[in-house]
*Asks:* 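One structure, as structure tokens, below. Some questions next.
Each chain gets a letter, A, B and so on, in the order its sequence line appears, and its residues count up from 1. Small disclaimer: the values here were computed from a predicted structure and weren't measured. Excluded from the calculations below are hydrogen atoms, water molecules and symmetry mates; all remaining heavy atoms, backbone and side chain alike, are included.
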There are 2 protein chains.
Amino acid sequence: MLKYQDVAKKIQQAIYQQNLPKGTQLPNIEGLIQQYQVSRTTIIKALNRLERHGVIYQIQGSGIFVRQPKKQGYLNFLESHGFSVDLNDLPGSSQVFNVDVMQPNVKVKEYLQCEDDEYVYYIKRLRLVEGKVYGFEQSYYRKKIVSYLNKEIAENSIFSYVKDICKVNIGFSDKYFKAIKLDEDIAPYLGLNAGDPALCVEEIFYTSSGEPFDFSQIIYHYDNAKFFVQSHSK
Amino acid sequence: MLKYQDVAKKIQQAIYQQNLPKGTQLPNIEGLIQQYQVSRTTIIKALNRLERHGVIYQIQGSGIFVRQPKKQGYLNFLESHGFSVDLNDLPGSSQVFNVDVMQPNVKVKEYLQCEDDEYVYYIKRLRLVEGKVYGFEQSYYRKKIVSYLNKEIAENSIFSYVKDICKVNIGFSDKYFKAIKLDEDIAPYLGLNAGDPALCVEEIFYTSSGEPFDFSQIIYHYDNAKFFVQSHSK
DNA sequence: GAGTGGTCTAGACCACCGG
DNA sequence: CGGTGGTCTAGACCACTCA
């Protein structure tokens, strides 16, 4: 475990465990250096990480403060698939329709930058949160990188499996999204009618060596799925 | 101008001006140190910044590469209001309906953490991009922080005005969003019908000293407004 | 194993906030 | 003005990729 990640984790845990309200001032940098016995730079790196993740904010000349807690019921959009490190997520499950190996169509092939003779896993599943239908997902994984998948894995977290078992390091992602009108093929999955609204998200995930390995299209239920993003100018 | 920001800007400009295709390898860190005459740490800070903004990606043991250019027609969700630093944005304009001073309602008051006797500017406007209706925005600015606004300012960029003229430093933001069904009050603004889909985004912007100064609700046209977000695990 | 990015350190100095 | 966070430096060492 890297030091700055470790320190960041510990500071975050301290905040959550003590249930510190927003605006609470943390010890200054000198204090944190003493507490965690690392260099100033390492503390700063940890703090910047927490700041980017919306846990704290720093004010030059003033101090370090606990930031607004996440609004209830909203999902962190950036961490909704890959980068979740933390706890306090809602209990989710998946209803898997199929896990097939196939050759990608033109669109998928381009997104995943596949060779001509490559195969991909095609998974269709319904995502549920607290028993409510959250979204309908169709995803494609390059067999070259994720060599094996099955229904059981897809019922749980594919990403945990990919990270922990396949030892794939996840690097970065692109997400594209917009509101759409549901068509009659997909609406029934969500228990909605054709013409109803939905949020359509297309995601491409890359390994840390820059290779795309997952393309997913997720159609989110317009009433059940709500998201937030925290952003920072630094 | 801070050195690392300056270096980041120059590297980014070099990429765009030479129109380097995705995957192009940049000089190694040693080379960049020589080129820009700053320390290793400063180069790394600049590179990390560019990486977070989706301009490049770095692979340990391998090199620094140009990342996928943004998909045409999609707006950077995180930079769509406050943090835009760059060029190549689409030409936008606004049709302003009103700029009023009023006392905030309960919801706005809470979001903006207003005192009991505070006033806010209330602005209603239609956002257009390339002549097409993009979204319908209702926004509130705390008079305490943004002491003056008028129609002309609202027709251009309120954020530029707030930053450059009011000397407000923008720190961070929270955005909440979901798909909704348009009601009959708002649909006409977008040239759509009640029941049509839309993307509803609520944003709160904070100054760099942690005070909220702007709350906005924007209803985006489901066909005209498309967004992307680039994310990184580091 | 050579080359490359990533982490970590100690310490100097700068920029900002608030009394 | 004192205290606080932010930047920048030089340099050591670690971790990864790829031929």
*Asks:* Measure from CD on E30(B) to P on dT9(D) and round the result to the nearest Å.
*Replies:* 13 Å
*Asks:* Look at all strands and tell whether I64(A) reaches a base, only sugar-phosphate, or nothing, counting heavy atoms closer than 4.0 Å.
*Replies:* sugar-phosphate
*Asks:* Do any side-chain nitrogens or oxygens of K45(B) fall under 4.0 Å of OP1 or OP2 in dC8(D)?
*Replies:* no
*Asks:* Inspect the contact between E115(B) and K144(B) and indicate whether a charged nitrogen and a carboxylate oxygen are less than 4.0 angstrom apart.
*Replies:* no
*Asks:* When the distance from CD1 of I33(A) to P of dG11(C) is rounded to whole Å, what number comes out?
*Replies:* 11 Å
*Asks:* Starting from the 5' end of DNA chain C, give me the residue, M1(A) or R40(A), whose nearest nucleotide shows up first.
*Replies:* M1(A)
*Asks:* Please determine if D214(A) and R142(A) form a salt bridge, counting it only when a charged side-chain N lies under 4.0 Å from a carboxylate O.
*Replies:* no
*Asks:* Check the distance between dA10(D)'s P and Q34(B)'s CD and give it to me in whole angstrom.
*Replies:* 11 Å
*Asks:* For I29(A) and dT9(C), give me the distance from atom CD1 to atom P, rounded to whole Å.
*Replies:* 14 Å
*Asks:* With a 4.0 Å limit, can you tell me whether S62(A) has a side-chain N or O closer than that to the phosphate oxygens OP1/OP2 of dC17(C)?
*Replies:* no
*Asks:* Compare side-chain N and O positions of T41(A) against OP1 and OP2 of dA10(C) and report whether any pair is under 4.0 Å apart.
*Replies:* no
*Asks:* Between P on dG6(C) and CG on L50(B), what's the gap in Å once rounded to a whole number?
*Replies:* 13 Å
*Asks:* Tell me whether the centres of the aromatic rings in Y74(A) and F177(B) are closer together than 6.0 Å.
*Replies:* no
*Asks:* How long is the line joining CD of Q5(A) and P of dC8(C), in whole Å?
*Replies:* 8 Å
*Asks:* Counting only side-chain nitrogens and oxygens, does Q58(A) get under 4.0 Å of the OP1 or OP2 atom of dG6(D)?
*Replies:* yes
*Asks:* Of all the nucleotides listed (dT9(D), dG5(C), dT4(D)), which has the minimum atom distance to the side chain of N28(A)?
*Replies:* dT4(D)
*Asks:* For F77(A), does the six-membered ring have the charged nitrogen or CZ of K175(A) within the cation-pi criterion, i.e. under 6.0 angstrom from the centroid and within 45° of the normal?
*Replies:* yes
*Asks:* More than 12 foreign heavy atoms under 6.0 Å from OH of Y119(A): is that the case here?
*Replies:* no
*Asks:* Can you figure out which of dT7(D), dT7(C), dC16(C) approaches the side chain of Y4(A) most closely?
*Replies:* dT7(C)
*Asks:* How close or far is atom P of dG11(D) from atom CD1 of I43(B), stated in whole angstroms?
*Replies:* 16 Å
*Asks:* Both S39(A) and I59(A) contact DNA chain C. Taking the nearest nucleotide for each, which residue is further toward the 5' end?
*Replies:* S39(A)
*Asks:* Could you say whether T42(B) or E51(A) is positioned toward the 5' end of DNA chain D, judged by the nucleotide with the nearest heavy atom to each?
*Replies:* E51(A)
*Asks:* How close or far is atom P of dG6(C) from atom CD1 of I56(B), stated in whole angstroms?
*Replies:* 9 Å
